[in-house]
2 protein chains.
Amino acid sequence: MPQFRALDKLDRKLLNQLQKDNQIPTRTLAEKLHISQPTCLRRIRDLRDVGVISADVSVVDPSALAFGMLAFLEVSLVNQSDEFMHDFEARMNKEAEVMQCYFVSGEYDYFLVVHVIDMDAYYQFVRRVISGSGNVRHFHSRFPMKKTKFTTRISFDEKAEELQVKVKK
Amino acid sequence: MPQFRALDKLDRKLLNQLQKDNQIPTRTLAEKLHISQPTCLRRIRDLRDVGVISADVSVVDPSALAFGMLAFLEVSLVNQSDEFMHDFEARMNKEAEVMQCYFVSGEYDYFLVVHVIDMDAYYQFVRRVISGSGNVRHFHSRFPMKKTKFTTRISFDEKAEELQVKVKK
DNA sequence: GCTGAAATCACACATTA
DNA sequence: TAATGTGTGATTTCAGC
């Protein structure tokens with residue numbers, strides 16, 4: 001039962017800023033947006049309370065890891081009943097190497113982005129998690145050579161009048 | 001000329017924590033890890049200074065957006081000279097809808113993850129950015145039905161003795 | 001939106017290994 | 001000598017008005 005809420009221009013400006021830097025003092029941010037510091041703080045707290053901001057985190061630069069590689073992994077299951085799919089998804093959720101998992105239409109059932117230290121670690125991962133899972137019919141690996149863009153930032157239009165969003169609370 | 005730096009157990013514990021929550025007071029975090037507050041702060045500041053922590057951000061829950069959809073887009077270029085590839089990558093970097101872009105081996109040159117408000121917006125995006133770019137030979141869209149996992153968290157082994165990472169400064 | 005109390009951050013210095 | 005811990009002043013957060 002999703003409730004809805006409107007984000008006004010100020011909310012969207014705050015979100016655009018906080019997605020770049022959430023350590024900026026509320027006072028500095030308030031000055032930037034020409035509002036008072038308590039208003040700024042209240043808005044931010046509200047966005048967190050209702051779940052529009054779901055977390056506040058440090059971002060670790062993946063390229064800092066001396067030896068890291070990515071793999072795309074397409075997987076089709078033997079048994080696609082709800083129970084087995086749920087099982088597979090739960091398993092991927094547990095594995096730290098799995099950065100992203102999508103349920104897709106087409107030839108394969110799942111598309112995974114896997115992050116490992118090197119090719120040997122990838123081989124170990126595939127044997128342990130994929131081919132060893134008992135419910136994988138077929139899988140296929142592809143290796144991106146370079147990540148040229150990666151962002152989690154959602155850009156909000158700061159001019160539009162109003163935007164409706166679903167909220168948790 | 002990448003410099004290297006060792007991350008000890010404490011660094012890795014801090015990184016694991018801060019990737020979940022970077023708003024925790026340094027004092028609370030220090031108590032958790034049985035160190036003093038200034039030590040905790042110093043280590044964190046250092047991890048930021050050397051670039052292991054590349055940013056500190058708020059995470060917006062994408063499912064809060066009332067109408068959002070994802071698309072996978074595979075693109076092959078007409079001209080693969082360095083100049084044109086650089087050009088394409090720079091263009092994708094500018095477009096807010098492009099969440100991820102990878103240079104891949106195989107049939108296509110690039111794999112994109114695109115986030116738009118609805119199918120019409122996707123059509124507009126493709127016409128404007130992809131088929132309208134002048135250097136795209138072929139492209140192909142796939143639509144993930146469900147994002148079952150998405151994380152940017154890199155999990156560090158807190159038991160291993162030492163880990164070398166590349167640093168910027 | 002303003003003000004003030006409580007908490008957090010951030011520094012200089014002493015201490016330890 | 002390099003890194004940790006102690007104590008203290010400056011900032012920031014956050015509630016009441």
Side-chain angles (χ1 to χ4, degrees), chain A residues 5-61 64-66 158 162 167-169, chain B residues 1-61 156-169:
Chain A
R5 185 187 187 287
L7 298 184
D8 65 12
K9 289 183 188 180
L10 179 55
D11 288 321
R12 295 197 295 272
K13 283 179 188 171
L14 285 169
L15 289 173
N16 283 341
Q17 289 294 325
L18 292 172
Q19 285 182 101
K20 288 185 210 158
D21 177 11
N22 73 349
Q23 298 244 329
I24 185 175
T26 52
R27 191 184 158 186
T28 313
L29 188 52
E31 279 168 15
K32 241 184 181 173
L33 303 183
H34 309 292
I35 54 173
S36 77
Q37 182 269 329
T39 302
C40 183
L41 181 61
R42 261 198 289 267
R43 290 287 190 126
I44 294 172
R45 264 204 350 194
D46 187 48
L47 289 169
R48 290 194 175 120
D49 286 344
V50 300
V52 172
I53 292 176
S54 60
D56 285 271
V57 303
S58 294
V59 179
V60 172
D61 179 6
L65 297 171
E158 297 181 358
E162 218 182 70
V167 296
K168 299 264 157 68
K169 289 162 198 167
Chain B
M1 215 72 62
Q3 289 185 296
F4 287 87
R5 185 188 188 286
L7 298 183
D8 65 11
K9 288 182 188 181
L10 181 52
D11 288 322
R12 295 197 296 269
K13 283 180 188 171
L14 285 168
L15 289 173
N16 283 341
Q17 290 294 324
L18 292 173
Q19 285 182 100
K20 288 185 210 159
D21 177 12
N22 73 348
Q23 296 247 330
I24 185 173
T26 52
R27 192 184 158 185
T28 313
L29 188 53
E31 279 169 14
K32 238 184 181 175
L33 302 182
H34 309 292
I35 54 174
S36 74
Q37 178 265 329
T39 301
C40 184
L41 182 61
R42 263 197 292 264
R43 300 290 279 243
I44 294 172
R45 264 201 353 190
D46 188 46
L47 289 169
R48 290 192 177 123
D49 285 346
V50 299
V52 172
I53 292 176
S54 59
D56 285 89
V57 303
S58 293
V59 179
V60 172
D61 179 7
F156 291 95
D157 185 350
E158 298 182 359
K159 291 172 197 158
E161 268 322 307
E162 219 181 67
L163 174 68
Q164 291 290 328
V165 294
K166 285 180 271 189
V167 295
K168 300 261 157 71
K169 291 158 199 170

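Numbered from 1 within each chain, the chains take letters A, B, ... in sequence-line order. Because only heavy atoms are used, hydrogens play no part in the values below, and waters and symmetry mates are left out as well, while side chains stay in.
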One character per nucleotide, please: for nucleotides 2-17 of chain C, 5' to 3', B when the base has a protein heavy atom closer than 4.0 Å, S when only the sugar-phosphate does, - otherwise. B-----SSBB------
Using atom types as modelled, flag every donor-acceptor pair under 3.5 Å from a side chain in residues 27-34 of chain A to any protein atom, sequence neighbours excluded.
from: A:Lys32; atom 1: NZ; to: A:Gln17; atom 2: OE1; distance (Å): 3.4

Do A:Leu7 and A:Leu47 come close enough that some side-chain heavy atom pair is under 4.5 Å? yes
Contact between B:Ser58 and A:Leu15 at the side-chain level, heavy atoms closer than 4.5 Å - yes or no? no
Considering non-hydrogen atoms only, spot the tightest contact between A:Thr39 and A:Ser36 and give its length. OG1-OG, 2.8 Å
Carboxylate-amine/guanidinium contact B:Arg43 B:Asp11, below 4.0 Å: yes
Just by distance, do the side chain of A:Arg48 and the backbone of A:Ile53 share a donor-acceptor pair under 3.5 Å? no
Walk along DNA chain D from 5' to 3' and tell me the first and last nucleotide with an atom closer than 4.0 Å to a non-hydrogen atom of chain B. D:dT4 to D:dG7
So B:Pro25 and B:Gln37, do their side chains get closer than 4.5 Å, heavy atoms only? no
